Enquirer: 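Have a look at the structure that comes next, please.
Whatever order the structure lists them in is the order used to number ligands and atoms, beginning at 1. All figures in this text were calculated on a predicted structure; none of them were measured in a lab.
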Amino acid sequence: MAFDYLFRNVTVIDGGGGAAYRADVAVSGERIAEIAPRITTAADCEIDGAGKVLAPGFIDVHTHDDTNVIRMPAYLPKVSQGVTTVIVGNCGISAATADISGEVPDPLNLLGEAQHFVYPTVSAYAHAVEAARPAVNVATLIGHTTLRNNHMDSLLRSATEDEIAAMRRQLRAALQEGALGLSTGLAYASAFAATTEEVMALAEELAAQQGIYTTHLRSEFEPILDALDEAFRIGRHGQVPVVVSHHKCAGAKNWGRTVETLAFFDKAREQQDISCDCYPYSASSSTLDLKQITDEFDIVITWSEAHPEEAGKTLQQIADGWGMSMIEAGKRLMPAGAIYYNMDEQDVRRVLSYPASMVGSDGLPNDPMPHPRLWGAFPRVLGHYCRDEQLFPLTVAIHKMTGMSAARYRLAQRGRVKKDYYADLVLFDPATVRDVASFTDPKQPAQGIERVMVNGVMSYTGDGQITGRAGRFLRRQS
Ligand code: ZN
Ligand code: CU
């Protein structure tokens, strides 16, 4: 019987971190059917790889694509990078299980408007994903801030015993329905008042169902070691793996300190399971936070509800134009979004090269002028950092985007080029792959990504068009 697809003459980088090898790879239905030095069986469609790299489709472990994969299922920003799976629900905010009445609190507003939050359970969210049939697979974490918002009348205090009990019940049900774990966003005002004990109580729900704990730390600024210590204690208390989200040392006074934070990771890793995700840029992006306003580095406004016309300018320019301080200007712009040039390049490199770091874009798909990581994170690691800067070998880069991620997040039979695994695959040219999206022109597909296959369906052929949509909702492997 003929195969559906045959990738001939490819350099397989299988996602496990091992050496690359030359092979032919055949796909039947949704699975990888055969891998051999030379396959002679015919296929309905043959692709001559000409020695280019065939890797597992990339897993974007850190996204805020919760509602966008349903609202715009072609999802070109990710598929055009070679991404075949996105993990949503990061930084304490998930659309799954959200019950929004009235205004959408910051930073849940990163995910959409009130009418987009219509998934009271993980099952409801899963059904919506399956019905929309996005081009990428989707798995979800459950956001702590989402749970707080469901069960508390104010986010500016810690939860009571009864509220914690209600959050626990909802988290338990969500995990039973396939959520991957719990995320927090403790730096945001909407979760900052939560005590460590509140999060620990929720983390107690995770171990029984082999969930994971991911956290946007309480601080990425000077108190970062205390914030890491809190995250690690929560992991030990719940006896669960911890993923530190978008690990960075933010703020000029904090630059260079990944030497300390990663040493702290190493020490903790002797006794518990800890990793992190990161994106390959020295600027961050989120909602505008008045506490982060400073003249030590540029802050660019990406959107403003009160003054949309100011988007694209620096906060300094806006403040000068209005003849007021940056803080006053910031207050006038709210609610708003921003890009902060708040990292040191050496820190970015250290975290990217750290053996336990995975790649996650943290892209913000609803921003009119999004941070370029939304379209460029994965090809930037492959082109800029791996090939041009030789930060690490290609096998390591791919491992950080695929095999390591699938294993940590318990995504079954994904993240490797292996017989019988799902045919989530990307074919790219290692000599030309590069990110094109820039801060001034951020919505641009990458170069060098030639084929992207999701569940055996050819979904992208490198020309900026989506050719198939075969993504599914992925549940945690039991
Ligand atoms: Zn975050
Ligand atoms: Cu995030």
Enquirer: Which count of protein N, O or S atoms is obtained for distances strictly below 2.8 Å from the Cu ion (ligand 2)?
Expert: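 Those protein atoms number 4 in total.
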
Enquirer: Taking the six-membered ring of Y279, is NZ or CZ of R373 closer than 6.0 Å to its centre and within 45° of its axis?
Expert: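 Output yes; distance and angle both within limits.
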
Enquirer: Taking T302 for its side chain and G337 for its backbone only, find out whether a donor-acceptor pair lies under 3.5 Å.
Expert: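 Pair found, side chain donor or acceptor close to backbone of G337.
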
Enquirer: With rounding to the nearest 0.5 angstrom, report the OG1 to OH distance, T140 to Y119.
Expert: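 Those atoms lie 11.5 Å apart.
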
Enquirer: Quick one: pull up CG in D424 and CG in N455 and give me the separation to the nearest 0.5 Å.
Expert: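 Separation between the atoms: 5.0 Å.
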
Enquirer: Under a 4.0 Å threshold between the charged nitrogen and the carboxylate oxygen, would E163 count as salt-bridged to R157?
Expert: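 Salt bridge present between R157 and E163.
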
Enquirer: Locate the shortest heavy-atom distance separating R472 from N137; write the atom from each residue and the value.
Expert: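 Residues R472 and N137, closest heavy atoms: N-OD1, 2.9 Å.
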
Enquirer: Enter the distance from T402:OG1 to I13:CD1 here, rounded to the nearest 0.5 Å.
Expert: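 Result: 9.5 Å between the selected atoms.
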
Enquirer: Identify which protein N/O/S atoms are less than 2.8 Å from the Zn ion (ligand 1).
Expert: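 Only C91 SG, H216 ND1, H246 NE2 fall inside 2.8 Å of the Zn ion (ligand 1).
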
Enquirer: Can the ring centroids of F265 and H247 be said to lie less than 6.0 angstrom from one another?
Expert: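 Ring centres of H247 and F265 closer than 6.0 Å.
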
Enquirer: Is it possible for you to check whether R218 lies under 6.0 Å from the centre of the six-membered ring of F192, through NZ or CZ, and within 45° of that ring's axis?
Expert: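 Because its charged atom sits under 6.0 Å from the ring centre and within 45° of the axis, R218 does stack over F192.
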
